Undergrad: 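One structure, pasted below without further comment.
Numbered from 1 within each chain, the chains take letters A, B, ... in sequence-line order. Predicted model only: the values in this text are computed from it and were never measured.
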Number of protein chains: 2
Amino acid sequence: MHAREVLASSGHHRGAARDKLIDLLAAQDCALSALEIEDTLRRDGSVARASVYRALDLLHDHELVTRLELGDGVARYEPADPTGRHHHHHLICEQCGQLVPFDDPGLERSIHNLSRRLGFVINEHEVTLRGNCADCS
Amino acid sequence: MHAREVLASSGHHRGAARDKLIDLLAAQDCALSALEIEDTLRRDGSVARASVYRALDLLHDHELVTRLELGDGVARYEPADPTGRHHHHHLICEQCGQLVPFDDPGLERSIHNLSRRLGFVINEHEVTLRGNCADCS
DNA sequence: CTACCTGCAAATTTTTTGCATCCGG
DNA sequence: CCGGATGCAAAAAATTTGCAGGTAG
C-alpha cells in the first residue's frame, strides 16, 4: 500500500497504531471488521479500539480502504485498489458462511452503462450476493 | 402486502404493533430505518422499539421485507416484491443525500450470467451506488 | 387455554468522543 | 515546539433480550 505516502503528503504524522493496522490490512486480502482488527493488533502490543476506528476512518476518507456492510450490522474493511485491477465484489455463502470475492467484467460494464442511461455520476459501487458458493452448490 | 396471510398461515397471531408496521411499510415505497419506523408509529399510539425490531425480523425471515445496509451503519427496510416486478437497487446521492431507487435489466442479466459463469447459486443480490443523482449531476 | 404478541427496561454490541499525554517532523 | 496520534474510559447509537402481562384464535 502506498497509504503511508498519501497520508504523509496530506500532513499526517505516523504512529504505531495506524502503522500496524496498515500492515495488517495490506497482508490480509479479505475484509475484516474493526473488532477483528482490534483483537489481532491487541495481541501484539496494546492498540486501542478508538485508534482502530480513527485509522480506518482516515484511510477511508483518503480512499485507501473500502468499507463494506454485508448485512449483519458490522462494517468490514479491505484495502482499496487504486489501480482498479483487483476490484471485486462479494458473495456471502449461506451454507458455509464464507465471504467469497469475485469479479466480473460484464457486471462492471452493466454498471457503467446504466450510469449513462440514468444520468448518474457513479463514484463507488458495491454488489453483494447471497446464496451458495461454488463448493456448496 | 399479502404479508398478513403469509404470517397467519405459518401460525402467527395478529397484534397491534406489527399490524401498524405492515401498513406503514406498504404505504411507503422507499426504505425506512427501524428507528424512523418507531418514531412514526409512536406518534399514533405507543409502539415499543422492541416490537418494531421483532416485527421486522419476522417479516424478513418470511422474505416479506428487504433489509438494506447502505453504509452508514443503519439497517433500512422496504417491502419485498414477491412478483419481482418492482425489483430495484439504490443510488445514494453524495450531493443531496437522497436515496434514489432504480432498475436496470442489463444489470440483472449480468448478475444472472455471472452466477452461471462462477457456479454460484444466488438467492439474493443487492447493488448500491454512491455518486450524484440525475438532478445533481 | 395456549401460544403468540407487546411494552418496558435493562443488557449487548458496535462505534464515537473527551481528554490528558505522547511523539513525529 | 506544534499539530497530529494514541490509549483509556465514558458516552452514544443501534439492536437484542428478559420478563410480566395482554390478546388472538
Side-chain angles (χ1 to χ4, degrees), chain A residues 3-25 31-62 64-78, chain B residues 3-25 31-62 64-78:
Chain A
R4 275 179 271 256
E5 295 141 54
V6 173
L7 293 180
S9 72
S10 71
H12 287 278
H13 296 177
R14 255 175 101 165
R18 193 169 66 217
D19 233 43
K20 289 196 232 170
L21 183 149
I22 289 176
D23 287 341
L24 174 60
L25 275 187
L32 295 176
S33 73
L35 265 32
E36 287 167 346
I37 293 172
E38 190 205 353
D39 280 354
T40 308
L41 294 184
R42 217 182 249 299
R43 265 177 234 128
D44 141 87
S46 171
V47 166
R49 177 165 311 182
S51 302
V52 172
Y53 281 104
R54 283 190 278 235
L56 289 171
D57 248 35
L58 187 65
L59 291 167
H60 187 245
D61 284 351
H62 290 263
L64 296 163
V65 301
T66 305
R67 183 192 157 103
L68 305 172
E69 275 179 45
L70 301 173
D72 59 353
V74 184
R76 285 182 175 73
Y77 300 83
E78 59 184 17
Chain B
R4 274 179 272 255
E5 295 140 54
V6 173
L7 293 179
S9 72
S10 72
H12 287 279
H13 296 177
R14 252 175 102 166
R18 194 169 64 217
D19 233 44
K20 288 196 233 170
L21 183 148
I22 289 175
D23 287 341
L24 174 60
L25 274 187
L32 293 176
S33 73
L35 265 32
E36 287 167 346
I37 293 172
E38 191 205 352
D39 281 353
T40 308
L41 294 183
R42 217 182 249 301
R43 265 178 232 126
D44 143 86
S46 171
V47 166
R49 177 165 312 182
S51 301
V52 172
Y53 281 105
R54 283 191 277 236
L56 288 172
D57 249 35
L58 187 65
L59 291 167
H60 186 244
D61 284 351
H62 290 263
L64 296 163
V65 301
T66 305
R67 183 192 157 104
L68 305 171
E69 276 179 43
L70 301 175
D72 59 354
V74 184
R76 286 183 175 71
Y77 301 84
E78 58 184 16

Undergrad: Any side-chain heavy atom of A:Leu35 within less than 4.5 Å of one from A:Val74?
TA: no
Undergrad: Tell me: CG of B:Leu35 to C1' of C:dT15, nearest whole Å?
TA: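 So the CG-C1' distance, B:Leu35 to C:dT15, works out to 15 Å.
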Undergrad: With A:Glu69, which residues qualify under side-chain hydrogen bond (donor to acceptor under 3.5 Å, both in side chains), at least two apart?
TA: A:Arg67
Undergrad: Hey, does B:Thr40 have a side-chain heavy atom less than 4.5 Å from the side chain of B:Leu24?
TA: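 When only atoms from C-beta onward are counted, B:Thr40 and B:Leu24 do touch, with a gap below 4.5 Å.
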Undergrad: Identify, with sequence neighbours excluded, every residue that meets ring pair (Phe, Tyr, Trp, His ring centres under 6.0 Å) alongside B:His12.
TA: B:His62
Undergrad: Side chains of B:Arg4 and B:Asp23: does their closest heavy-atom pair fall under 4.5 Å?
TA: yes
Undergrad: Pull out every residue in residues 47-58 of chain A that has a heavy atom closer than 4.0 Å to any atom of DNA chain C, ordered by number, or say none.
TA: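 The answer is A:Arg49, A:Ala50, A:Tyr53, A:Arg54.
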Undergrad: Can you tell if the side chain of B:Leu25 reaches within under 4.5 Å of the side chain of B:Leu64, non-hydrogen atoms only?
TA: no
Undergrad: Looking at OG of A:Ser33 and CG of A:Asp39, how far apart are the two atoms once the value is rounded to the nearest 0.5 Å?
TA: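 Reported value, rounded in 0.5 Å steps: 8.0 Å.
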Undergrad: Working to the nearest 0.5 angstrom, can you tell me the gap between A:Leu68 CG and A:Arg76 CZ?
TA: 8.5 Å
Undergrad: At a heavy-atom distance below 4.0 Å, which nucleotide of DNA chain D is the first touched by chain A, and which is the last?
TA: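 It runs D:dG3 to D:dC8.
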Undergrad: In this structure, how many angstroms lie between the P atom of C:dT15 and the CD1 atom of A:Ile37, rounded?
TA: 10 Å
Undergrad: In chain order, what residues pass the side-chain hydrogen bond (donor to acceptor under 3.5 Å, both in side chains) check against A:Glu38, with sequence neighbours excluded?
TA: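 A:Arg42, A:Arg49.
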Undergrad: Please compare B:Arg14 and B:Arg67 by the position of their nearest nucleotide in DNA chain D and report the one closer to 5'.
TA: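 Its nearest nucleotide lies further toward 5', so the answer is B:Arg67.
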Undergrad: Just how far, in rounded Å, is C1' of C:dT15 from CD of B:Glu69?
TA: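 These atoms are roughly 14 Å apart.
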Undergrad: Do A:Arg14 and A:Leu7 come close enough that some side-chain heavy atom pair is under 4.5 Å?
TA: no
Undergrad: Quick check against the 3.5 Å criterion: does A:Arg18 have a side-chain atom that pairs as donor or acceptor with the backbone of A:His13?
TA: yes
Undergrad: Mind checking if B:Ser33 touches a base, just sugar-phosphate, or nothing, with heavy atoms under 4.0 Å?
TA: nothing
Undergrad: Closer than 4.0 Å, any side-chain N/O of B:Arg18 to the OP1 or OP2 of C:dC5?
TA: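 B:Arg18 to C:dC5 OP1/OP2: side-chain N or O found under 4.0 Å.
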Undergrad: Could you tell me how far apart B:Asp19 (CG) and C:dG7 (P) are, to the nearest whole angstrom?
TA: 12 Å
Undergrad: Roughly what angle, to 10°, lies between the helix axis at the start of the helix from C:dC1-D:dG25 to C:dG25-D:dC1 and the one at its end, five pairs per end?
TA: 40°
